[in-house]
Undergrad: 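One structure follows; several queries about it will come next.
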Amino acid sequence: MSLKVYIGGKLYDKADAKISVFDHGLLYGDGIFEGIRSYSGRVFRLESHIERLYDSARAIHLVIPMSRADMAQAVLDTLKVNSLIDAYIRLIVTRGAGSLGLDPRSTTDPQIIIITDSISLYPAELYEAGLKIVTAGTMRNHPSALNPRIKSLNYLNSILAKIEGTNAGCLEALMLNHKGEVAECTGDNIFVVRKGEVHTPSIDAGILEGITREAVIEIARDAGYKVVERTMDRHDIYTADECFLTGTAAEVIPVVELDGRPIGDGKPGKVTADLLKRFHKLIRGQA
Ligand code: PXG
């Protein structure tokens with residue numbers, strides 16, 4: 001059976017799932033999205049993703065022509081029709097087709113698209129060996145230019161940093177903000193462990209409010225770790241005991257090197273392993 005893609009209330013075979021070349025999502029990256037996962041048939045923190053999607057929409061003056069409840073139901077229905085249990089879900093809302101020219105007033109029909117697919121996980125070895133990352137020269141978008149809290153369809157900022165990472169042989173790259181402070185990676189939030197405490201950049205560093213980040217902060221606090229959201233610079237990572245990234249795709253993945261400097265003893269840390277174990281318990285136990 002061919003994969004079915006949801007577009008504006010209808011389901012299309014993958015090969016027929018198409019939208020206009022005049023869509024401002026394509027022409028200008030004018031739109032928003034969410035990357036979501038389901039585990040054992042349950043969508044992880046669907047409400048949080050829907051909330052973030054509608055917040056992103058508000059921030060870009062986009063009215064989504066659908067209620068939050070109907071949006072959540074459409075995600076669940078699309079998963080069901082594709083018989084997907086462990087899945088990756090890409091929820092997209094574009095500005096819609098319009099004339100050439102930036103003005104969104106020329107657009108008529110925002111497109112709501114839901115793509116579901118089986119999830120391709122990072123290789124298990126990476127969780128055992130840990131990631132090596134480098135700092136990208138491309139800084140994270142200035143919040144007054146394009147706020148990183150908006151999960152917009154314009155990901156060029158992250159893509160340029162990602163290319164720097166892959167050119168250096170790394171799967172992820174660290175991005176700094178315009179003040180030179182640690183922000184986040186291209187598609188993951190970053191944490192360090194220092195003397196048993198868990199530290200992560202605060203939202204005002206100019207980062208996406210990651211849903212995995214939020215879950216990991218809760219898990220860590222419940223487990224008795226002190227969690228501090230603070231301003232961080234690269235020195236805080238170079239000298240940390242442990243480092244890890246969080247994201248929908250990566251879950252919790254250890255980082256063992258930044259810019260050629262081993263972090264801690266250069267191996268994935270104990271607190272990271274503990275939090276990953278607790279994260280797995282959470283996704284098994286609840287959506
Ligand atoms: N920062 C950025 C810039 C992201 O894009 C995260 C942090 C982590 O947020 P969540 O809510 O996922 O914990 C992201 C998320 C993909 C893909 O297809 C990217 C993300 C999520 C899912 C899939 O590369 N980025």
Side-chain angles (χ1 to χ4, degrees), residues 29 31-39 43-56 59 75 84 86-92 113-122 126 131 133 135-136 138-143 145-166 170-177 181-191 198 200-220 227 229 232 243-253 255 275-276 279-280 282-283 287:
I32 50 173
F33 77 103
E34 282 296 317
I36 314 172
R37 267 174 90 160
S38 74
Y39 296 94
V43 181
F44 183 69
R45 303 218 162 170
L46 179 57
E47 269 66 46
S48 302
H49 283 284
I50 300 283
E51 208 53 47
R52 190 170 67 183
L53 182 82
Y54 281 76
D55 285 349
S56 291
V75 168
L84 285 163
D86 290 304
Y88 177 68
I89 302 149
R90 171 62 59 91
L91 176 52
I92 304 155
I113 303 165
I114 305 169
I115 308 171
T116 55
D117 207 348
S118 46
I119 180 104
S120 58
L121 299 166
Y122 278 124
L126 278 184
L131 285 177
I133 64 173
T135 307
T138 306
M139 71 169 79
R140 193 72 178 102
N141 281 326
H142 191 294
L146 175 56
N147 199 316
R149 292 170 77 175
I150 303 169
K151 204 161 164 61
S152 91
L153 285 182
N154 195 318
Y155 250 57
L156 262 182
N157 178 231
S158 285
I159 290 166
L160 293 177
K162 181 100 180 172
I163 291 169
E164 293 185 58
T166 53
C170 297
L171 289 178
E172 253 298 8
L174 177 67
M175 300 183 78
L176 307 177
N177 67 16
E181 299 158 356
V182 170
E184 61 185 330
C185 290
T186 68
D188 298 292
N189 292 111
I190 190 160
F191 287 75
V198 178
T200 194
S202 38
I203 300 303
D204 60 21
I207 60 173
L208 184 75
E209 297 173 86
I211 286 161
T212 321
R213 173 186 181 276
E214 197 56 46
V216 167
I217 289 174
E218 284 168 27
I219 290 167
V227 181
E229 295 177 66
M232 283 170 49
C243 178
F244 61 89
L245 309 181
T246 64
T248 295
E251 301 179 331
V252 175
I253 193 160
V255 174
L275 293 174
L276 177 58
F279 183 79
H280 279 158
L282 174 74
I283 58 188

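Quick note: residue numbers are just sequence positions, from 1. Given the structure is predicted, the values throughout are model-derived calculations rather than measurements. Just so you know, ligand 1 is whichever comes first in the structure, and atom 1 is the first atom listed for that ligand.
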Undergrad: Determine, step by step, whether R52 and E209 satisfy the salt bridge (Lys or Arg N to Asp or Glu O under 4.0 Å) criterion, reporting the C-alpha distance in whole Å, the side-chain angles of both residues, the deciding distance to 0.1 Å, and the verdict.
TA: CA-CA 9 Å; R52 190 170 67 183; E209 297 173 86; over 6 Å; no

Undergrad: Taking heavy atoms and a distance under 4.0 Å, where does I207 meet ligand 1: side chain, backbone, both or neither?
TA: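 Near ligand 1, I207 shows nothing, with every heavy atom at 4.0 Å or more.
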
Undergrad: Write out the residue and atom name of the closest protein heavy atom to atom 24 (O) of ligand 1, then the distance separating them to 0.1 Å.
TA: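 Of every protein heavy atom, R90 NH2, 4.7 Å lies nearest to atom 24 (O) of ligand 1.
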
Undergrad: Consider ligand 1: state whether an atom of it lies below 4.0 angstrom from any non-hydrogen atom of R52.
TA: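 Within the 4.0 Å threshold, so yes.
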
Undergrad: Looking at ligand 1, is there an atom of it that comes within less than 4.0 Å of some heavy atom belonging to R140?
TA: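 For ligand 1, residue contact (heavy atoms, under 4.0 Å) with R140 is present.
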
Undergrad: Any donor and acceptor pair, going by atom type alone, linking the side chain of K162 with main-chain N or O of L171 inside 3.5 Å?
TA: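 At least one qualifying donor-acceptor pair exists.
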
Undergrad: State the CG-CG distance between N141 and N177, to the nearest 0.5 angstrom.
TA: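 It comes to 11.5 Å.
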
Undergrad: Hey, what do you get for CD1 (I92) to CG (L53), rounding to the nearest 0.5 Å?
TA: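 Atom-to-atom, I92:CD1 and L53:CG are 10.5 Å apart.
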
Undergrad: Taking E164 for its side chain and T138 for its backbone only, find out whether a donor-acceptor pair lies under 3.5 Å.
TA: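 Yes; judged by distance alone, with no hydrogens or angles, the pair exists.
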
Undergrad: Is ligand 1 less than 4.0 angstrom away from at least one heavy atom of E34?
TA: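 E34: no contact with ligand 1 (<4.0 Å).
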
Undergrad: Rounded at 0.5 Å granularity, tell me how far CE in M175 sits from OG1 in T186.
TA: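 Rounded to the nearest 0.5 Å, the CE-OG1 separation comes out at 7.5 Å.
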
Undergrad: Starting from atom 21 (C) of ligand 1, which protein heavy atom do you reach first, and at what distance in Å?
TA: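 Answer, as residue, atom name and distance: T248 CB, 4.0 Å.
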
Undergrad: Is there at least one pair of N or O atoms, one from T246 and one from ligand 1, spaced under 3.5 Å apart?
TA: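 No; the residue has no nitrogen or oxygen that sits under 3.5 Å from a nitrogen or oxygen of the ligand.
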
Undergrad: Do the side-chain N and O atoms of S152 and N154 include a donor-acceptor pair separated by under 3.5 angstrom?
TA: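 Side-chain D/A pair, S152 to N154: absent.
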
Undergrad: Can you tell which part of L208 has a heavy atom less than 4.0 Å from ligand 1: side chain, backbone, both or neither?
TA: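 Side chain only.
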
Undergrad: Is there any N or O on T212 that sits under 3.5 Å from an N or O of ligand 1?
TA: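 Right, the criterion is met.
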
Undergrad: Identify the protein heavy atom lying closest to atom 14 (C) of ligand 1, giving its residue, its atom name and the separation to 0.1 Å.
TA: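 For this ligand atom, the closest protein heavy atom is G187 O, 3.3 Å.
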
Undergrad: Going by the salt bridge (Lys or Arg N to Asp or Glu O under 4.0 Å) test, name the single residue among E184, E229, E251 that passes it with R213.
TA: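 For R213, the salt bridge (Lys or Arg N to Asp or Glu O under 4.0 Å) test succeeds with only one of E184, E229, E251, which is E229.
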
Undergrad: Of the choices F33, F44, Y88, Y155, which has the non-hydrogen atom that lies closest to atom 17 (C) of ligand 1?
TA: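 Minimum heavy-atom distance to atom 17 (C) of ligand 1 goes to Y88.
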
Undergrad: Show me which atoms of ligand 1 lie under 4.0 Å from any heavy atom of E184.
TA: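 In order of numbering, the contacting atoms are 1 (N), 2 (C), 3 (C), 7 (C).
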
Undergrad: Among all protein heavy atoms, pick out the one at the shortest distance from atom 20 (C) of ligand 1; state its residue, atom name and that distance to 0.1 Å.
TA: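 Looking only at protein heavy atoms, the one closest to atom 20 (C) of ligand 1 is K151 NZ, 3.7 Å.
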
Undergrad: Would R37 count as a contact of ligand 1 if the rule is a heavy atom under 4.0 Å away?
TA: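 No, that is not the case, since the closest heavy atom of the residue is not under 4.0 Å from the ligand.
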
Undergrad: Is the closest heavy atom of T186 to ligand 1 under 4.0 Å?
TA: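 Contact check T186 vs ligand 1: positive.
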
Undergrad: Could you tell me whether a side-chain N or O of R37 sits under 3.5 Å from a main-chain N or O of A249, the two making a donor and an acceptor?
TA: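 Pair found, side chain donor or acceptor close to backbone of A249.
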
Undergrad: Could you check atom 9 (O) of ligand 1 against the protein and tell me its nearest heavy-atom contact, residue, atom and distance included?
TA: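 In this structure, atom 9 (O) of ligand 1 has G210 CA, 3.4 Å as its nearest protein heavy atom.
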
Undergrad: Under 4.0 Å from a heavy atom of I211: give me the atoms of ligand 1 that qualify, with their elements.
TA: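 Matching atoms, with element in brackets: 10 (P), 11 (O), 13 (O).
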
Undergrad: Just wondering, do I253 and F244 contact through their side chains at under 4.5 Å, heavy atoms?
TA: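 Not touching, per the 4.5 Å side-chain cut-off.
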
Undergrad: Please check if the side chain of N147 supplies one atom and the backbone of G206 the other of a donor-acceptor pair under 3.5 Å.
TA: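 A pair under 3.5 Å: no.
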
